[in-house]
Amino acid sequence: MSMFSDIEHVLVTEEEISDRIAVLAEQMNALYSDDDPPILVCILKGAFMFLADLTRKLTFRHELDFMEISSYGTGTTSSGVVRILLDLASSIEGRHVVIVEDIVDTGHTLDYILRNFAARNPASVRVATLLNKPSRREIDVPVHFVGFEIPNEFVMGYGLDYSEQYRNVPYIGVLKPEVYQESAED
Ligand code: 5GP
């Protein structure tokens with residue numbers, strides 16, 4: 001059976017994603033310039049597709065860097081305990097930084113990254129997130145560029161996984177409940 005048969009419904013279509021990324025890119029193009037090129041930091045793995053589409057719409061010079069974060073705890077909730085699996089290759093001291101995230105849920109992961117980055121003395125830090133679930137927030141975190149506000153549902157696709165799968169699905173969707181039940185029984 002195709003993995004697409006696991007999907008219950010589409011929440012954000014491919015076209016909606018690309019239209020919205022064009023708007024976010026315009027906002028960024030108005031804020032940043034070649035005089036002081038920022039570093040875009042992609043938070044792996046979930047934000048890789050967002051970063052790839054966003055960077056192609058930016059008209060100012062910029063660098064890319066990557067950081068991989070894992071929150072302890074499995075399945076569909078974040079525990080608030082965060083671990084760095086891959087750190088930045090470059091120094092962000094004195095640099096303008098844009099954090100590129102897939103989704104801000106409770107806010108714990110982003111809060112950790114922001115505190116960690118603040119200790120490295122960047123010139124500025126802004127946050128771009130494709131998805132935002134404000135109803136789930138446990139910690140107040142600043143988000144400057146938001147793709148879509150979504151309801152409290154676990155979503156996958158367009159870089160976001162469920163158990164490391166479905167990242168290649170080109171839209172944001174919700175899985176059928178039995179998909180979670182089946183893997184809980186494994
Ligand atoms: P937070 O720390 O804000 O609760 O969670 C942030 C991280 O949890 C995200 O970067 C993402 O990896 C994961 N996450 C939160 N909600 C979802 C969701 O609906 N789907 C997926 N695939 N991951 C999520």
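Both ligands and their constituent atoms are indexed starting at 1 by order of listing.
Near Leu160, with a cut-off below 4.0 Å to any heavy atom, the atoms of ligand 1 are 20 (N), 21 (C), 22 (N). Close contacts of ligand 1 with Thr106, meaning ligand atoms under 4.0 Å from a residue heavy atom, involve 1 (P), 2 (O), 3 (O), 4 (O). Residue Lys133 approaches ligand 1 through these ligand atoms, each under 4.0 Å from one of its heavy atoms: 16 (N), 17 (C), 18 (C), 19 (O). Listed by number with element, the atoms of ligand 1 under 4.0 angstrom from any heavy atom of Glu153 are 19 (O).
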Do any side-chain atoms of residues 60-69 form donor-acceptor pairs under 3.5 angstrom with protein atoms, and if so which ones, sequence neighbours left out?
{"from": "His62", "atom 1": "ND1", "to": "Phe60", "atom 2": "O", "distance (Å)": "3.0"}
{"from": "His62", "atom 1": "NE2", "to": "Thr55", "atom 2": "OG1", "distance (Å)": "2.8"}
{"from": "Glu63", "atom 1": "OE2", "to": "Arg95", "atom 2": "NH2", "distance (Å)": "3.1"}
{"from": "Asp65", "atom 1": "OD1", "to": "Ala89", "atom 2": "N", "distance (Å)": "3.2"}
{"from": "Asp65", "atom 1": "OD2", "to": "Ala89", "atom 2": "N", "distance (Å)": "3.0"}
{"from": "Asp65", "atom 1": "OD2", "to": "Ser90", "atom 2": "N", "distance (Å)": "2.8"}
{"from": "Asp65", "atom 1": "OD2", "to": "Ser90", "atom 2": "OG", "distance (Å)": "2.4"}

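Connection of Val100 to Ile21 is established within a shared hydrophobic cluster, with ILVMFWY side chains joined at heavy-atom distances below 4.5 Å, either directly or through further cluster members.
Within the 4.0 Å heavy-atom shell around ligand 1 one finds Glu101. Assignment of Tyr162 to the shell around ligand 1 is not supported, since no heavy atom sits closer than 4.0 Å. Using a 4.0 Å cutoff on heavy atoms, Val155 counts as a contact of ligand 1. For Gly46, the heavy-atom gap to ligand 1 stays at 4.0 angstrom or more.
Between Lys57 and Asp53 no salt bridge is recorded (no basic side-chain N to carboxylate O distance below 4.0 Å).
Closest to atom 15 (C) of ligand 1 by heavy atom, among Ile139, Asp102, Asp105, is Asp105.
Below 3.5 Å of separation, one finds an N or O of Gly107 facing an N or O of ligand 1.
Taking every heavy atom of both residues into account, Met3 and Asn168 meet most closely at CE-ND2, 3.0 Å.
Other residues, nucleotides and ligands contribute more than 12 heavy atoms inside 6.0 Å of the CD atom of Glu178. The local environment of CG in Asp34 is crowded, with over 12 non-hydrogen atoms from other residues, nucleotides or ligands closer than 6.0 Å.
Under the rule for a side chain to side chain donor-acceptor pair (under 3.5 Å), the partners of Glu16 that lie at least two apart in sequence or sit in another chain are Thr13.
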